[in-house]
Amino acid sequence: MDKIKAPKGTKDIFTPDIEKWQYLEEKIKEVFNRFYFSEIRTPIFEHTELFSRGIGDETEVVSKEMYTFKDRKERSLTLRPENTASVVRAAIENKLFDEHFPLRYYYIGPMFRYERPQKGRQRQFHQFGVEVFNDPSAEVDAEVILVAYKLLIDLGINTINVEINSVGCKNCRPDYLKLLSEKAEMESEKLCSDCQRKTKTNPLRIFDCKNKGCIEVADNLPKITDNLCQDCNTHFVKLKESLNLFEVPFFVNTRLVRGLDYYTKTAFEITSEALGSQNAILGGGRYNDLIKQLGGNEISGIGFAAGMERVILHLDKIEKKNKLKVIIVYHSENEKTASLKIAKRCWDLGLNAFIDYGAGNMKKQFKKGDRIEADFAFVIGKDEVVDSMISIKNMKTREQEKIKNEDLEKWIKKNI
RNA sequence: GUGAGUGUAGCUCAGUGGUAGAGUAUCGGUCUGUGGCACCGACUGUCGCGGGUUCGAAUCCCGUCACUCACCCCA
């Protein structure tokens, strides 16, 4: 019989990695709460239409990477490939928007994309992120970038770069794309075949190409930041001022484009040199048209999403919280009952206690104590039972003391 | 979707055509009321799977699957 294995691109998470995940999750909650975000949890699957309408039919994510299936009533459902569309849907559906107050949410959870796995890329992966609705200011863009930056720095990750750009809006981007397409077409013979196609379909993507010829051409193509409308331009200037004010080091990368169609104005990414090929830890931007597009009012939005696996790759081993740990060691079956009673008292008092029921001799039990990294061993032998005592051995110093059985509570309170 | 590399003991790996190995982990003993060391001993395998070449294949060839990395794309 063949062993059943986890599906391609999925992973089990357990110790020692699970400690990193728990640490990261705590940090996320702490930092986001400080910035007045509250958590939102949305379903793991949604109607397929939410993503095709929200993210854009043409994007790779929607066109080739979604886990889409029919349920028993023939409804087309999709495992969420990202969370922004869901959060927007939830806000509209539950009428959460307040005309006079910005909404701030954060989320953590698994996402699903059908991709070939590699370092920092899985089919089931995890993202955390934030969304701010109903605040069109450039300052809040800077704040969102600050939160992301601060969280990473707080985690001790400092091999990072903050890159920002503006991708314009519906007023200026079409003109720019037309201009870009025309200019690229003039240099067409220097471009690779992929990029020749891109000049017609998605000229922005030429900036992504790593081909030498294409890079040369791209360097001389018009930059979006030189072709923004008045509104987008002042927004971008203000963003840069605010980032300086918040002391977030950044640089403008005019080649930065985002993969999801809903972005307008601000786009940003935080990358890390330590990651290898998938070097984006986190990416986001403003999406001022998305909410209307999904059936809501004309309400602005900005947010980012971070890849948790990619953050975890930066975390060194997390020391477990050194909560006091005890193993209860008994000499023979005769002392087992007395030992069980002591174990129960330990648990009731909140002490982290372990007892090995099939233990065998004491030597083995002490070895197990080493394995669970116990701080103390409570030793129960014939003498202890007769005298109503407990021998307590410090596993590190190997010193041993004897206390009265009835003083166990006292001892625990003192040492825990 | 494309390309490259790797699949041998629980783990890390050696073994390039001739009896499947080491380290480590585990278990037992020296040591029957006390663990970290030392020594001695034991267990563990469809050599990923299927086919081919050969007297003989872990080793060479073909196919296949899995994992890893890269392209692509993205977090």
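Each chain gets a letter, A, B and so on, in the order its sequence line appears, and its residues count up from 1.
- When each of A:Y263 and A:K119 is assigned the nucleotide of RNA chain B with its nearest heavy atom, A:K119 is the one assigned upstream, toward the 5' end.
- Between A:E26 and A:K29, no side-chain nitrogen of the basic residue sits less than 4.0 Å from a carboxylate oxygen of the acidic one, so the salt-bridge criterion is not met.
- With hydrogens and angles left out, the side chain of A:K393 and the base of B:rU34 share a donor-acceptor pair within 3.5 Å.
- Tested against A:E309, the residues A:Q124, A:K119, A:H126 include a single side chain to side chain donor-acceptor pair (under 3.5 Å) partner, A:H126.
- A:K396 comes within contact range of at least one nucleobase, with a heavy-atom separation under 4.0 Å.
- Rounding to whole angstrom units, CG of residue A:D356 and P of B:rG35 are separated by 16 Å.
- Counting atom types as modelled, A:E60 pairs no side-chain N or O with a base atom of B:rG1 as donor and acceptor under 3.5 Å.
- In this view, A:Q118 and A:R121 satisfy the side-chain hydrogen bond (donor to acceptor under 3.5 Å, both in side chains) rule, not counting sequence neighbours.
- Residues passing the side-chain hydrogen bond (donor to acceptor under 3.5 Å, both in side chains) test with A:E185, sequence neighbours excluded: A:K200.
- When heavy atoms are screened at a 4.0 angstrom cut-off, A:K64 is found touching no nucleic acid atom at all.
- Across all strands shown, A:D370 has heavy atoms under 4.0 Å from base atoms, whether or not it also approaches the sugar-phosphate.
- Within the nucleic acid shown, A:E335 has no heavy atom closer than 4.0 Å to any nucleic acid atom.
- Atom CD of A:Q122 and atom C1' of B:rC73 are 16 Å apart (whole Å).
- Among the atoms of the strands shown, only primed sugar atoms or phosphate atoms (P, OP1, OP2) are found under 4.0 Å from some heavy atom of A:K5.
- Taking a cutoff of 4.0 Å between a charged side-chain nitrogen and a carboxylate oxygen, A:E335 and A:K382 do not qualify as a salt bridge.
- For the segment residues 106-115 of chain A, residues with any heavy atom less than 4.0 angstrom from an atom of RNA chain B are, sorted by number, A:R113, A:E115.
- Heavy atoms of A:Q400 sit under 4.0 angstrom from at least one base atom.
- Using a 4.0 Å heavy-atom distance criterion, A:G369 is classed as making no nucleic acid contact.
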Practice item. Assess whether side chain to side chain contact (heavy atoms under 4.5 Å, CB included) is satisfied between A:T42 and A:Y107, documenting all intermediate values. Key: CA-CA 9 Å; A:T42 64; A:Y107 58 82; over 6 Å; no

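- In this structure, A:G120 reaches the bases: a heavy-atom distance under 4.0 Å links it to at least one base atom across the strands shown.
- Whole-Å rounding puts the A:F366 CZ to B:rU32 C1' distance at 15 Å.
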